[in-house]
Participant: 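Okay, handing you the structure first.
Just so it is clear, the values below take in all heavy atoms, side chains as well, and ignore hydrogens, waters and symmetry mates. The chains referred to below are lettered A, B, ... by the order of the sequence lines, with proteins before strands, and numbering in each begins at 1.
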Amino acid sequence: MPELPDVEGFRRVLAEHTGEPITGVRVRDAGVLRGTTARALDDAVRGRRFEEPRRLGKWLIAPVGGPVLILHFGMTGSLSWHSPDEPPHPHDRVIWSLGDGELRFRDMRKLQGVRLADDERRAERILGDLGPDALEVSRKEFDELLSGRRGRLKSALTDQSLLAGLGNLLADEICWQARISPLRAVPDLDEKDLAALYRTMRRILRESVKVERVPPRDTWLTGARDERDGPCPHCGTTLSRRRVSGRTTVWCRSCQPT
DNA sequence: TTGCATGTTCCGGA
DNA sequence: GTCCGGAACATGCA
């Protein structure tokens, strides 16, 4: 699931539960801990309170008054609030108890996980390779990022060190709604293309963040892409499908000529 | 059984 | 230095 809009949803969950002392951390599967241990995690946060969380791309940054938790949800992670009475889900890997409930980090595939930085400075080091957040970037900055880039548009949009937050679904959705092929070489894009991409990216992110996911509407590519040989919601042409830089890429060869 | 899945990282090669 | 493809990571589903 998690691309920028999903993680923004998780940030909101956490933001609703700042201020209450954390009474304990249960690590049910240490396989999601990255560079830390259950013991270190508990020591670092017990008795402290979550402060205002922030998001950079697909990363959720949760300061607890000194130490900083850094969460990444991979392809299957989530963060949700539960009553302690509710039995844990088999994929609940880490649980923080606070107030009258629990925050649960759930993740089936454990491709990413939970990191702990001792302070903001170290947190920044972990996040240092990320580009600006896709929701925050200005038009000018967007142009600057893409100028000098040589490869395909799809690769550029999903490169987190260039621009943080866009995943496979969002990149394809943006290209499709902007009517530009994801296979186009970035240097071949003209001013009009860049304007369309930026405008479309902003609009799609705004709408997606509202519902905390890329909405699978049938007027969007995301609502149509899962059907094999399905039609383009714009023009009815059979959607094209191919792997581009390691990810399945879906586009319409009629609406998005190469 | 095989291929695929909205993630990142690391490697070799162009 | 950049960029690309492929593999690895771990799990479940069609």
Participant: Hey, is the main chain of A/R93 close enough, under 3.5 Å, to the side chain of A/R28 for a donor-acceptor pair?
Facilitator: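 No, the answer is negative, given that no donor and acceptor are paired below the 3.5 Å cut-off.
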
Participant: If you apply the rule salt bridge (charged side-chain N to carboxylate O under 4.0 Å, His left out), what do you find for A/K154 with A/D172, and how did you get there?
Facilitator: CA-CA 7 Å; A/K154 172 69 180 268; A/D172 285 0; 2.8 Å; yes

Participant: Work out how far the P atom of B/dC4 is from that of C/dG5, and round it to whole angstrom.
Facilitator: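 That atom pair is separated by 16 Å.
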
Participant: For salt bridge (charged side-chain N to carboxylate O under 4.0 Å, His left out), just list the numbers for A/R217 and A/E207, CA-CA rounded to whole Å, side-chain angles, deciding distance to a tenth of an Å, and then say yes or no.
Facilitator: CA-CA 11 Å; A/R217 296 179 192 150; A/E207 295 193 36; 2.7 Å; yes

Participant: Determine whether the side chains of A/S78 and A/R106 contain a donor N or O and an acceptor N or O closer than 3.5 Å.
Facilitator: no

Participant: Counting just side-chain N and O atoms, does A/R34 come under 4.0 Å of either OP1 or OP2 of B/dT8?
Facilitator: no

Participant: Quick check: do A/L170 and A/P5 have side-chain heavy atoms less than 4.5 Å from each other?
Facilitator: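 Heavy-atom side-chain distance check passes, below 4.5 Å.
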
Participant: Going by heavy atoms in the side chains, are A/L103 and A/F105 under 4.5 Å from each other?
Facilitator: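 They are not in side-chain contact.
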
Participant: Please tell me if the side chains of A/L145 and A/P132 come closer than 4.5 Å, counting only heavy atoms from C-beta onward.
Facilitator: yes

Participant: Nearest whole angstrom, please: distance from the P of B/dC4 to the CZ of A/R247.
Facilitator: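 After rounding, the reported distance stands at 12 Å.
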
Participant: Please report the distance, rounded to the nearest Å, between CD1 in A/I70 and C1' in B/dT8.
Facilitator: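 To the nearest whole Å, that distance equals 15 Å.
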
Participant: A/N168 has an atom CG; how far is it from atom C1' of B/dT6, in whole Å?
Facilitator: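 Interatomic distance, CG of A/N168 to C1' of B/dT6: 7 Å.
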
Participant: Could you check how far NZ of A/K58 sits from C1' of B/dT9, rounded to whole Å?
Facilitator: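 Value for this atom pair: 13 Å.
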
Participant: Between A/H72 and A/W59, how do the two ring planes meet: parallel, tilted or perpendicular, split at 30° and 60°?
Facilitator: perpendicular

Participant: Can you check the A/R55 CZ to B/dG7 P distance for me, whole Å?
Facilitator: 14 Å

Participant: Is the distance between the ring centroids of A/W176 and A/H234 under 6.0 Å?
Facilitator: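 Centroid separation for A/W176 and A/H234: below 6.0 Å.
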
Participant: Just by modelled atom types, is the A/E3 backbone N or O under 3.5 Å from a matching donor or acceptor in the A/D6 side chain?
Facilitator: yes

Participant: For DNA chain C, determine which residues of residues 108-126 of chain A have any heavy atom closer than 4.0 angstrom to one of its atoms, and list them numerically.
Facilitator: A/M108, A/R109, A/K110, A/L111

Participant: Should the pair A/Y198 and A/F142 be assigned to parallel (<30°), tilted (30 to 60°) or perpendicular (>60°) ring geometry?
Facilitator: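 If you compare the ring of A/Y198 with that of A/F142, the planes turn out tilted.
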
Participant: So, A/T76 versus A/D107: side-chain donor-acceptor pair below 3.5 Å or not?
Facilitator: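 Their side chains do contain a donor-acceptor pair, which is all the 3.5 Å distance test asks for.
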
Participant: Take A/R179 and A/E173, measure what salt bridge (charged side-chain N to carboxylate O under 4.0 Å, His left out) needs, and give me the verdict at the end.
Facilitator: CA-CA 10 Å; A/R179 304 199 181 223; A/E173 189 69 53; over 6 Å; no

Participant: With no hydrogens and no angle check, just 3.5 Å: does a side-chain donor-acceptor pair link A/Q112 and A/R109?
Facilitator: no

Participant: Which of these passes side-chain contact (heavy atoms from CB on, under 4.5 Å) with A/P63: A/E52, A/R49, A/E51?
Facilitator: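 Exactly one pass, corresponding to A/E51.
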
Participant: For the backbone of A/S155 and the side chain of A/R152, can you confirm whether one donor and one acceptor N or O come within less than 3.5 Å of each other?
Facilitator: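 Checking the backbone N and O of A/S155 against the side chain of A/R152, no donor-acceptor pair under 3.5 Å is found.
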
Participant: Nearest nucleotide by nearest heavy atom, which residue falls closer to the 5' end of DNA chain B, A/H72 or A/T248?
Facilitator: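 Mapping each residue to its closest nucleotide by heavy atoms, the 5'-most match is A/T248.
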
Participant: Need two values: the first and the last nucleotide of DNA chain C, 5' to 3', having an atom under 4.0 Å from any heavy-atom of chain A.
Facilitator: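 On DNA chain C, the outermost contacted nucleotides are C/dG1 to C/dG12.
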
Participant: Tell me which residues in residues 151-162 of chain A lie within less than 4.0 Å of DNA chain C, going by non-hydrogen atoms.
Facilitator: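 Per residue number, the list reads A/G151, A/R152, A/S155.
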
Participant: Can you pull every protein N or O that's under 3.5 Å from an N or O on nucleotides 10-14 of chain B?
Facilitator:
none

Participant: In whole Å, what separates the C1' atom of C/dC3 from that of B/dT6?
Facilitator: 23 Å

Participant: Just the dot-bracket of DNA chain B, please: which string comes out with Watson-Crick or G-U pairs under 3.5 Å, [ ] for crossing, | for another strand?
Facilitator: .||||.||||||||

Participant: Picking from A/K210, A/R54, A/R55, what satisfies salt bridge (Lys or Arg N to Asp or Glu O under 4.0 Å) with A/E8?
Facilitator: A/R55

Participant: Would you mind reading off the distance between A/R106 atom CZ and B/dG7 atom C1', rounded to a whole angstrom?
Facilitator: 19 Å

Participant: Are any of the side-chain nitrogens in A/R26 or A/D42 under 4.0 Å away from the carboxylate oxygens of its partner?
Facilitator: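 Answer for the salt bridge query: no.
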
Participant: Round to the nearest Å and state the distance from A/I174 atom CD1 to B/dT6 atom C1'.
Facilitator: 13 Å

Participant: Give the residues of residues 134-145 of chain A touching DNA chain B, defined as any heavy atom closer than 4.0 Å, sorted by residue number.
Facilitator: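 Those residues whose heavy atoms fall under 4.0 Å from DNA chain B, taken from residues 134-145 of chain A, amount to none.
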
Participant: By the 4.0 Å heavy-atom rule, please label A/T222 as base, sugar-phosphate, or nothing.
Facilitator: nothing

Participant: If you measure only the distance, is there a donor-acceptor pair under 3.5 Å linking the side chains of A/Q256 and A/R184?
Facilitator: no

